[in-house]
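The block underneath contains the structure these notes are about, expressed in structure tokens.
Note on naming: letters A, B, ... go to the chains in the order of the sequence lines (proteins, then strands), and numbering restarts at 1 for each one. Quick caveat: nothing in here was measured; it's all calculated off a predicted structure.
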There are 2 protein chains.
Amino acid sequence: MKNVRPIRVVHYGLGATGRAVAQMVGRTPGLELVGGIDRDPALLQRDLGEVLGLEQPLGISVKDDPVAVLEAARPDIAIVATTSLLKDTYSQIQTCLRARTNVISTCEELVYPYARHRQLAKDLDELACYSGVSVLGVGVNPGFVMDLLPLILTGPSSCVSRISVTRVTNATLRRASLYQRIGAGLTTEQFRDHITDPCNRHIGMLESLHMMADTIGWKVERIDERIEPILSEEWVREGHFAIAPGQIAGIRQVAVGTVEGREAVRLDWQTVVGSQETYDAIVIDGTPPINLLVKGGLHGDQAASALVLHAIRPVVAARCGLLTVTEMPPIRYTAPSA
Amino acid sequence: MKNVRPIRVVHYGLGATGRAVAQMVGRTPGLELVGGIDRDPALLQRDLGEVLGLEQPLGISVKDDPVAVLEAARPDIAIVATTSLLKDTYSQIQTCLRARTNVISTCEELVYPYARHRQLAKDLDELACYSGVSVLGVGVNPGFVMDLLPLILTGPSSCVSRISVTRVTNATLRRASLYQRIGAGLTTEQFRDHITDPCNRHIGMLESLHMMADTIGWKVERIDERIEPILSEEWVREGHFAIAPGQIAGIRQVAVGTVEGREAVRLDWQTVVGSQETYDAIVIDGTPPINLLVKGGLHGDQAASALVLHAIRPVVAARCGLLTVTEMPPIRYTAPSA
């Protein structure tokens, strides 16, 4: 990147994911941290470098007024890592696009908004084109392991009749917020109440299903989706946390898409505390059949941050409008010296 | 594909791979077989539909004059499935490009010609642009399992320090020509002689290595490549064929690329007759590390044909010039009804 102006990056949302991406951006030659937006009073007015634990302060303080930050920083791109639901993230993205700033968002529903948020998708596409910039939703799931990677694996197969993906994560060593989200430790009654909150589940499963079916050209006639508790069969103790046998150890979410009367897509997502092995498995029923296993699974948090980082250059270079990962060249690692 | 003119396809080379692709093209709505080129006297002047074992004749006979076939058929694209070495395939591709025909070739060295055939690559790029068409080398290996797929798997990883791919194929049930190519049944002395023929090995390993290193931005300082026999430890009997203990059961080819003094890419390819398990394994040393296993491996012949078929639409739609799979949106299955 010698003699090339660095890409100016603003971080909108400095929670766990936003901070992880910003830390990597701060350490990547050719990328420059130029602003941080968050409404958390504990972060406001603090130096962005200090918030991120970088070696030195950046001389930029975290602010809660996105318009002012975008106006002052004139970024090439904003990383919007705020919420999972597009209805909540929409106006934040809109603000960035109006400031003629490219956007990458970790909003799960933005990864493939065409099926369930068609009008919002259309509006974002138009606004991005009007502003001459592009916007992409990216992540490890949705966005990679349960949709893009299976799609890529259909390439070496003809006559594909079914795609099945199983993602099983042992959450024992993960963040406490994940324990809470999957309902670990609840009773069956509490769990029923717990999952009425749409944030207490894997958001993006239907987006993955629609992305694959639409890209392949399968017309989905029916989707059967279910969410069920996984009960612990043993005592689980992790630090101060304990789950008794019969209490909730985790959550299982399954979506099955029917095409021409047959099961064409099966997505099975399980996150559980205990002794369960972690893995991702993809099966393509085709000629040849393809049977793939990611041993130890793809680490959700780390993988999502890396994908966002690696998407920065491709999104800045892309055509204007709303993009999806299926239409882009592969988002991959680039050496810092490159 | 209603109300859209079908894509007109000429098949240049009707060996095993060429025929397999042509059969699929003949059965795919939206694609139309419009010509067949081969110099095999057993095929010449025979009806292409009959040669391919299709339900009915096509009224097109196989010819050995590419210029005449391209002139008469006016195809959108030619599938060049002739030889593995670019020096041999080059003039055939040139003929197609001069006829303003897009080209997909299974020529292994065309998958990534920039490192070892820089001038030929430049010439093909210029000729394709001059003719307003595009040319792509595609295949399962090189082109997918030992290069593109590992590159895609670096997406969810930061700080990648090493990529290692192992492809082990049990060839027992495969084509006789493959037995011959891997030297199965030879003595160690015969094997030494056997591998002096550059076609009696996996062609494309250095292309895979360079594709990954260049795309990531790693400057490869040194490549250590070795080819060694795999000796049979047991009696192997398959039909009329037998291998005694101590005779050659197969071939192993390893290439290691060094970057900044450390091993950055390791490619290990083994094809062997006997009881060896078939698999592809990819390991990305990064954050997070990624460890992927394709159980049963990706079937080389079938997978290559499928990739060529699925590449037809993207190549016809692509920018002009010489393309590589790393810069294209994923080549994937499309439903016939789509």
Side-chain angles (χ1 to χ4, degrees), chain A residues 24 28 140 144-145 148-160 163 212-213 215-219 259-260 264 280 284 286-307 309-311 325-338, chain B residues 24 28 138 140 144-145 148-160 163 213 215-219 259-260 264 280 284 286-307 309-311 325-338:
Chain A
M24 292 197 290
T28 302
V140 69
F144 192 83
V145 72
L148 181 64
L149 187 56
L151 270 176
I152 288 167
L153 287 167
T154 66
S157 196
S158 59
C159 309
V160 174
I163 297 173
M212 286 194 285
T215 307
I216 284 176
W218 281 338
K219 302 224 181 327
V259 174
E260 292 173 358
D280 298 312
I284 310 291
T287 311
I290 294 169
N291 191 330
L292 181 141
L293 179 72
V294 182
K295 293 189 240 177
L298 263 180
H299 189 292
D301 297 337
Q302 292 179 346
S305 310
L307 280 166
L309 179 75
H310 303 329
V325 286
T326 59
E327 60 179 308
M328 298 184 68
I331 291 167
R332 40 79 196 162
Y333 174 73
T334 303
S337 55
Chain B
M24 292 196 290
T28 302
V138 82
V140 69
F144 193 83
V145 72
L148 182 64
L149 187 56
L151 269 176
I152 288 168
L153 287 167
T154 66
S157 197
S158 58
C159 309
V160 174
I163 297 173
T215 307
I216 285 176
W218 281 337
K219 302 224 181 326
V259 174
E260 293 175 355
D280 298 311
I284 310 291
T287 311
I290 294 169
N291 191 330
L292 181 140
L293 179 72
V294 182
K295 293 190 237 177
L298 264 180
H299 189 292
D301 298 337
Q302 292 179 347
S305 310
L307 280 167
L309 179 76
H310 303 328
V325 287
T326 57
E327 61 179 308
M328 298 184 67
I331 292 168
R332 38 78 196 162
Y333 174 72
T334 304
S337 55

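Of the candidates B:Leu307, B:Val294, B:Leu149, B:Val145, A:Pro156 forms a side-chain contact (heavy atoms from CB on, under 4.5 Å) with just one, namely B:Leu307. Checked options A:Leu153, A:Asn291, A:Ile290; the residue passing with B:Leu298 is A:Ile290 (criterion: side-chain contact (heavy atoms from CB on, under 4.5 Å)).
Here the CD1 atom belonging to A:Ile152 is positioned 10.5 Å from the CD1 atom belonging to B:Ile331, to the nearest 0.5 angstrom.
Across B:Thr154 and A:Arg332, no two heavy atoms sit closer than the pair OG1-CB, 3.2 Å. Across every non-hydrogen atom of B:Ala306 and A:Ser158, the tightest pair is CB-N, 3.7 Å.
In this structure, chain A has heavy atoms under 4.5 Å from both the backbone and the side chain of B:Thr215. Residue contact with chain A, scored on non-hydrogen atoms closer than 4.5 Å, involves the backbone and the side chain of B:Leu293 alike. The part of A:Met328 that comes within reach of chain B is its backbone (N, CA, C, O), which places non-hydrogen atoms under 4.5 angstrom from that chain.
Most heavy-atom pairs under 4.5 Å with chain B: of the set A:Ala335, A:Gly217, A:Pro288, this distinction falls to A:Pro288. The choice from B:Glu327, B:Lys295, B:His299 that makes the most heavy-atom pairs within less than 4.5 Å of chain A is B:Lys295.
Taking 4.5 Å as the limit, every side-chain heavy atom of B:Pro329 sits out of range of all side-chain heavy atoms of A:Thr326. The shortest distance between side-chain heavy atoms of A:Leu148 and B:Pro330 falls below 4.5 Å. Contact annotation: the side chain of A:Ile216 never approaches that of B:Thr334 to less than 4.5 Å [non-hydrogen atoms, C-beta and beyond].
For A:His310 (side chain) and B:Ser157 (main-chain N/O), a donor-acceptor pair under 3.5 Å exists by modelled atom type.
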